[in-house]
Peer 1: 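First, the structure itself, so that you have it in front of you.
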Amino acid sequence: MTAKIAYDEVEVGTELPTRSFPVTRATLVRYAGASGDFNPIHWNEKFAREVGLPDVIAHGMFTMAEAIRVVTDWAGDPAAVVEYGVRFTKPVVVPNDDEGALIEVSAKVAAKLDDNRVRVDLTAVSAGQKVLGMSRAVVTLA
């Protein structure tokens with residue numbers, strides 16, 4: 001696969017389609033099984049509160065992975081992402097109810113680089129708070 005977006009068709013400021021990703025306790029259990037990360041802060045409300053968290057929180061790597069989906073879906077090829085990094089600024093708190101939490105992700109092209117690459121800056125928000133900081137990806141376009 002290669003990226004479906006052409007470098008020449010993208011300008012600085014191009015906005016990627018915004019996405020929302022629901023997160024429930026069941027989502028966290030499935031992610032824990034797939035990742036092997038069974039830290040009780042991701043499933044045990046009592047433990048999470050004892051260590052100073054407001055409630056169970058989503059795995060940071062899960063949050064990071066959900067956010068980059070905006071970029072991989074836009075580019076049309078996950079392998080087009082050649083660099084990706086974030087800072088975890090706030091946790092995604094996942095209540096024990098039927099709704100859970102929502103991670104809302106927006107992104108835009110922040111810079112055009114050499115070799116058909118662009119830098120995409122992402123914003124991830126949950127419950128009105130920015131949950132990822134300095135979230136940036138470098139993507140090779142067609």
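These values consider heavy atoms only, across backbone and side chains, with no hydrogens, waters or symmetry-generated copies. Residues take their numbers from the sequence shown, with the count starting at 1.
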Peer 1: Whether the side chain of Y7 engages the backbone of L113 through a donor-acceptor N/O pair (distance < 3.5 Å, no angle test) should be reported.
Peer 2: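 It does hold such a pair.
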Peer 1: Under the salt bridge (charged side-chain N to carboxylate O under 4.0 Å, His left out) definition, can you give me all pairs with a residue in residues 1-18, not counting sequence neighbours?
Peer 2: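 Of all non-adjacent pairs touching residues 1-18, none passes salt bridge (charged side-chain N to carboxylate O under 4.0 Å, His left out).
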Peer 1: Please report the shortest heavy-atom distance between D115 and T140, naming the atom on each side.
Peer 2: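 Answer, listing the atom of D115 first, then T140: O-CG2, 4.2 Å.
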Peer 1: Roughly how far apart are E66 CD and T27 OG1, rounded to 0.5 Å?
Peer 2: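 That separation rounds to 8.0 Å.
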Peer 1: Flag yes if V105 and V138 sit in one hydrophobic cluster, no otherwise; membership is Ile, Leu, Val, Met, Phe, Trp, Tyr, and two members link when side-chain heavy atoms are under 4.5 Å apart.
Peer 2: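 Unlinked, V105 and V138 end up in two clusters.
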Peer 1: Quick check against the 3.5 Å criterion: does S126 have a side-chain atom that pairs as donor or acceptor with the backbone of L102?
Peer 2: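 Present.
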Peer 1: Side-chain heavy atoms nearer than 4.5 Å, only ILVMFWY residues, links allowed to pass through others: does that put V94 and V125 together?
Peer 2: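 Different clusters.
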Peer 1: Going by the side-chain contact (heavy atoms from CB on, under 4.5 Å) test, name the single residue among L122, V139, T72 that passes it with Y84.
Peer 2: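 Single side-chain contact (heavy atoms from CB on, under 4.5 Å) partner of Y84 among L122, V139, T72: L122.
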Peer 1: Scan residues 73-93 for pairs that pass salt bridge (charged side-chain N to carboxylate O under 4.0 Å, His left out), counting only residues two or more places apart or in two chains.
Peer 2: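 Listed once each, the pairs are R19-D73.
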Peer 1: Could you pull out the closest heavy-atom pair between V12 and A110, with the gap in Å?
Peer 2: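 Reported closest heavy-atom pair: CG1-O, 3.6 Å.
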Peer 1: Considering all heavy atoms of both residues, which atom of A79 and which atom of V82 are nearest to each other, and what is their separation?
Peer 2: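 Where A79 meets V82 most closely, the heavy atoms are O-CG1, 4.4 Å.
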Peer 1: So, using side-chain hydrogen bond (donor to acceptor under 3.5 Å, both in side chains) as the criterion, who are the partners of R117 when residues are at least two apart?
Peer 2: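 R117: no side-chain hydrogen bond (donor to acceptor under 3.5 Å, both in side chains) contacts found.
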Peer 1: Which donor-acceptor pairs under 3.5 Å do side chains of residues 31-39 form with protein atoms, sequence neighbours excluded?
Peer 2:
unit_1	atom_1	unit_2	atom_2	d
S35	OG	Y31	O	2.9
S35	OG	D37	N	3.1
D37	OD1	N39	N	3.2
N39	OD1	I41	N	3.0

Peer 1: To the nearest 0.5 Å, what is the distance between CZ (F62) and CD1 (I57)?
Peer 2: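 That separation rounds to 13.0 Å.
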Peer 1: Is there a path of hydrophobic side-chain contacts, each under 4.5 Å between heavy atoms of I, L, V, M, F, W or Y residues, that connects I103 with W43?
Peer 2: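 The answer is no; the residues belong to distinct hydrophobic clusters.
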Peer 1: If I compare all heavy atoms of V56 with all of L28, which pair ends up nearest, and what's the gap?
Peer 2: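 Heavy atoms only, the tightest pair is CG1-CD1, 3.6 Å.
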Peer 1: Give me each pair satisfying side chain to side chain donor-acceptor pair (under 3.5 Å) with a member in residues 44-61, each pair once, sequence neighbours excluded.
Peer 2: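 Found R25-E45, R25-D55, K46-E50.
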Peer 1: Indicate the atoms forming the closest heavy-atom contact of S20 with E104, along with that distance.
Peer 2: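 Minimum heavy-atom contact is OG-CG, 3.7 Å.
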Peer 1: Please enumerate all residues that pass side-chain hydrogen bond (donor to acceptor under 3.5 Å, both in side chains) together with D121, with sequence neighbours excluded.
Peer 2: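 With neighbours one apart ignored, the set is R119.
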Peer 1: Do any N or O atoms from the side chain of T89 and from the backbone of V131 form a donor-acceptor pair under 3.5 angstrom?
Peer 2: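 The answer is yes, because a donor-acceptor pair under 3.5 Å joins these two groups.
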Peer 1: Taking all atoms of both residues into account, what is the closest heavy-atom pair of V93 and P54, and its distance?
Peer 2: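 Shortest heavy-atom separation between V93 and P54 comes out as CG2-CG, 3.6 Å.
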